[in-house]
J.: 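Shown below is the structure under consideration.
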Amino acid sequence: MELAAERSHNMAQRSEFECNAEEEKKKKRRLKLRLPKTTEQKQRDPDEMRKAKTLKEKRQKNFVDLACECRSVICCRVTPKQKAMVVDLVKKYKKAVTLSIGDGANDVSMIKTAHIGVGISGQEGMQAVMSSDYSFAQFRYLQRLLLVHGRWSYIRMCKFLSYFFYKNFAYTLVHFWYSFFNGFSGQTVYDTVFIALYNLLYSSLPIIIVGLQDQVTVPGQKREDFARKPQAARTSHTSVSRKAYGPHLGEGSTFASRLSGPYLL
C-alpha cells in the first residue's frame, strides 16, 4: 500500500511539473509576441551571430587540420547530412579533389557533394548507383578505376587540350599573318572546303586514334604492376607515345602546311 501511494504521489508531482513547464512556455511565447525587440537587442543579435559564425569556422578548420594529420578517420554513427558536411569541409578548407563511395541511400548526399561520386550496386538498393558518376559491383574494382581508367582519362584529357590549342593556333595564326598582306580585308587564306573539313576530318582523326589506342596500362595486367615507381611509368608512357604517335602527328602537320602552302604563295 505504501509503495502504491508513493507511486501515485510521484506521478502527481510529475504531471504538475509538466503542467508548470507548459505554462512557462506559453508565457514566453506571449511575451515574444507582445514585446517587440529593442534597438539594443537588434544590434546585439547580428554581433552574436557573427561571433558564432567565426567560432564555428574556427572549429571546422581545426577539425579538418586534425583529420588531415591522421592516416585514416572513422566517423561513426553519423547522419547522411553529416557525411556530406564532412566532404564539404575538405573541399572548402583543403581545396582538394574529393571522391565519395557508397552503396546505400544514406550515402546519396555524400556522393553528390563530392567532386567524383562512386556507387556500389549491392543489397541496399540502386539509389547510390543512380546518383553516382561511376558504378561497379565490388569495392575491389576501385583500384583499377583510379590507377588504370583514371590515369587513361587524365593522360588523354591532357593530350586533347594540348592538341586543341595547337590546331587552333595553327589555324588562326595563318589568318593573322595573312591579314598583313591583304590589307585586313577579311579575305580567307584557305578554301571553303578546307575550312569545313578542318575540324571535321583533318584535325579530329589524329586525336581520336591517339585516345583510343594509347594505352599505357593494359586492363588485364597483374596487380603487382600497380606498385611500379611513377618514374618508370612516366618513362614508359613517354617512350610509347613518342615512338608510336609522334611521326603521325608530324605527318599531319606537314600535310596541313602543304595544303595551305599554295594559297600563301
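The figures that follow rest on heavy atoms only: side chains count, while hydrogens, waters and symmetry mates do not. Nothing here was measured: the structure is a model prediction, and the numbers come from that model.
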J.: In terms of the angle between their ring planes, are Phe194 and Tyr198 parallel, tilted or perpendicular, with boundaries placed at 30° and 60°?
T.: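 Taking Tyr198 first and then Phe194, their aromatic rings sit tilted (interplane angle of 30° to 60°).
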J.: Can you establish whether the number of heavy atoms outside Tyr134 located under 6.0 Å from its atom OH is more than 12?
T.: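 No, the 6.0 Å shell around OH holds no more than 12 heavy atoms from other groups.
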J.: Should Tyr141 and Leu146 be regarded as members of a common hydrophobic cluster, given that ILVMFWY residues are connected when their side-chain heavy atoms come within less than 4.5 Å of each other, either directly or indirectly?
T.: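 They do share one cluster, since a chain of ILVMFWY contacts under 4.5 Å joins Tyr141 to Leu146.
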J.: How about Lys94: does its NZ atom have over 12 heavy atoms from other parts shown lying under 6.0 Å from it?
T.: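 Enclosed: over 12 neighbouring heavy atoms sit under 6.0 Å from NZ of Lys94.
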J.: How close do Ser204 and Ile207 get, heavy atom to heavy atom, and via which atoms?
T.: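 Scanning both residues, the minimum pair turns out to be O-CG2, 3.3 Å.
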J.: Is a donor on one side and an acceptor on the other found under 3.5 Å between the side chain of Ser179 and the backbone of Phe176?
T.: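 Answer holds: yes.
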J.: When you group the ILVMFWY residues by side-chain heavy-atom contacts below 4.5 Å and let the links chain together, are Met85 and Val87 in the same group?
T.: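 Different hydrophobic clusters.
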J.: Linking I/L/V/M/F/W/Y whenever their side-chain heavy atoms sit closer than 4.5 Å, directly or via other members, would Phe63 and Val90 fall into one cluster?
T.: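 No.
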J.: How close do Ser132 and Val118 get, counting heavy atoms only, and between which atoms?
T.: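 For Ser132 and Val118, the tightest heavy-atom pair comes out as CB-C, 3.8 Å.
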J.: Nearest 0.5 angstrom please: Ile101 CD1 to Phe139 CZ, how far?
T.: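 Answer rounded to 0.5 Å: 4.5 Å.
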J.: Which value, rounded to the nearest 0.5 Å, describes the distance between Leu89 atom CG and Glu57 atom CD?
T.: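 These two atoms lie 10.5 Å from each other.
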J.: How long is the span from the NZ atom in Lys61 to the CG atom in Asp65, to the nearest 0.5 Å?
T.: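 Answer for the NZ-CG pair, Lys61 versus Asp65, is 4.0 Å.
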J.: Tell me whether Phe184 at atom CZ has more than 12 heavy atoms from other residues, nucleotides or ligands lying less than 6.0 Å away.
T.: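 Enclosed: over 12 neighbouring heavy atoms sit under 6.0 Å from CZ of Phe184.
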J.: Show, in sequence, the C-alpha distance, side-chain angles and deciding distance for Phe136 and Arg144, and conclude whether the side chain to side chain contact (heavy atoms under 4.5 Å, CB included) test is met.
T.: CA-CA 11 Å; Phe136 41 77; Arg144 191 171 298 279; over 6 Å; no
J.: Are side-chain heavy atoms of Asn199 and Tyr171 found at a separation under 4.5 Å?
T.: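 The answer is no, as the side chains (C-beta and beyond) never meet within the 4.5 Å cut-off.
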J.: OG/Ser109 to NZ/Lys83 distance, rounded to the nearest 0.5 angstrom?
T.: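 Here the interatomic distance stands at 7.5 Å.
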J.: State yes or no: do Leu55 and Met49 share one hydrophobic cluster built from I, L, V, M, F, W and Y residues joined by side-chain heavy-atom distances below 4.5 Å, directly or via other members?
T.: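 Leu55 and Met49: separate clusters.
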J.: Verify the neighbour count for atom CZ of Phe165: are there more than 12 heavy atoms of other residues, nucleotides or ligands below 6.0 Å?
T.: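 12 or below, so no.
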J.: Between NZ of Lys53 and CD of Glu48, what distance do you get to the nearest 0.5 Å?
T.: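 Those atoms lie 16.0 Å apart.
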J.: Would you mind reporting whether His149 and Trp152 have side-chain heavy atoms less than 4.5 Å apart?
T.: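 A side-chain contact under 4.5 Å exists here.
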J.: Closest approach of Gln82 and Arg77, non-hydrogen atoms and distance?
T.: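 Smallest interatomic distance, heavy atoms only, reads OE1-O, 4.4 Å.
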J.: Run Met126 and Ser121 through side chain to side chain contact (heavy atoms under 4.5 Å, CB included) and show every step you take.
T.: CA-CA 6 Å; Met126 299 292 291; Ser121 58; 4.0 Å; yes
J.: So if you build clusters from Ile, Leu, Val, Met, Phe, Trp, Tyr with side-chain heavy-atom gaps below 4.5 Å, do Tyr154 and Phe164 land together?
T.: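 No; tracing contacts between hydrophobic side chains, which count when under 4.5 Å, never links both residues.
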J.: Any side-chain heavy atom of Leu99 sitting closer than 4.5 Å to one from His115?
T.: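 Sidechains of His115 and Leu99: no contact.
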J.: Taking all heavy atoms of Val64 and all of Tyr93, pick out the closest pair and write down the distance.
T.: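 Closest approach of Val64 to Tyr93, heavy atoms only: CG2-CD1, 4.2 Å.
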J.: Tell me if a side-chain donor or acceptor on Ser185 pairs with a main-chain N or O of Asn182 at a distance below 3.5 Å.
T.: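 Side chain of Ser185 to backbone of Asn182: a pair is present.
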J.: Is the side chain of Asp107 donor-acceptor paired with the backbone N or O of Asp103 at a distance under 3.5 Å, no angle test?
T.: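 Present.
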J.: Ring centres under 6.0 Å, that's the criterion: do His175 and Tyr190 meet it?
T.: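 Here the rings of Tyr190 and His175 have centres that are less than 6.0 Å from each other.
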J.: Indicate the ring-plane relationship of Tyr166 and Tyr163, choosing parallel, tilted or perpendicular according to the 30° and 60° boundaries.
T.: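 If you compare the ring of Tyr166 with that of Tyr163, the planes turn out tilted.
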J.: What I'd like to find out is whether the side chain of Met110 reaches to under 4.5 Å of the side chain of Pro80, using heavy atoms alone.
T.: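 SC-SC contact between Met110 and Pro80 ruled out.
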J.: Measure the spacing between CD1 of Ile111 and CD1 of Ile116 and express it to the nearest 0.5 Å.
T.: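 Between Ile111 CD1 and Ile116 CD1, I get 12.5 Å after rounding to 0.5 Å.
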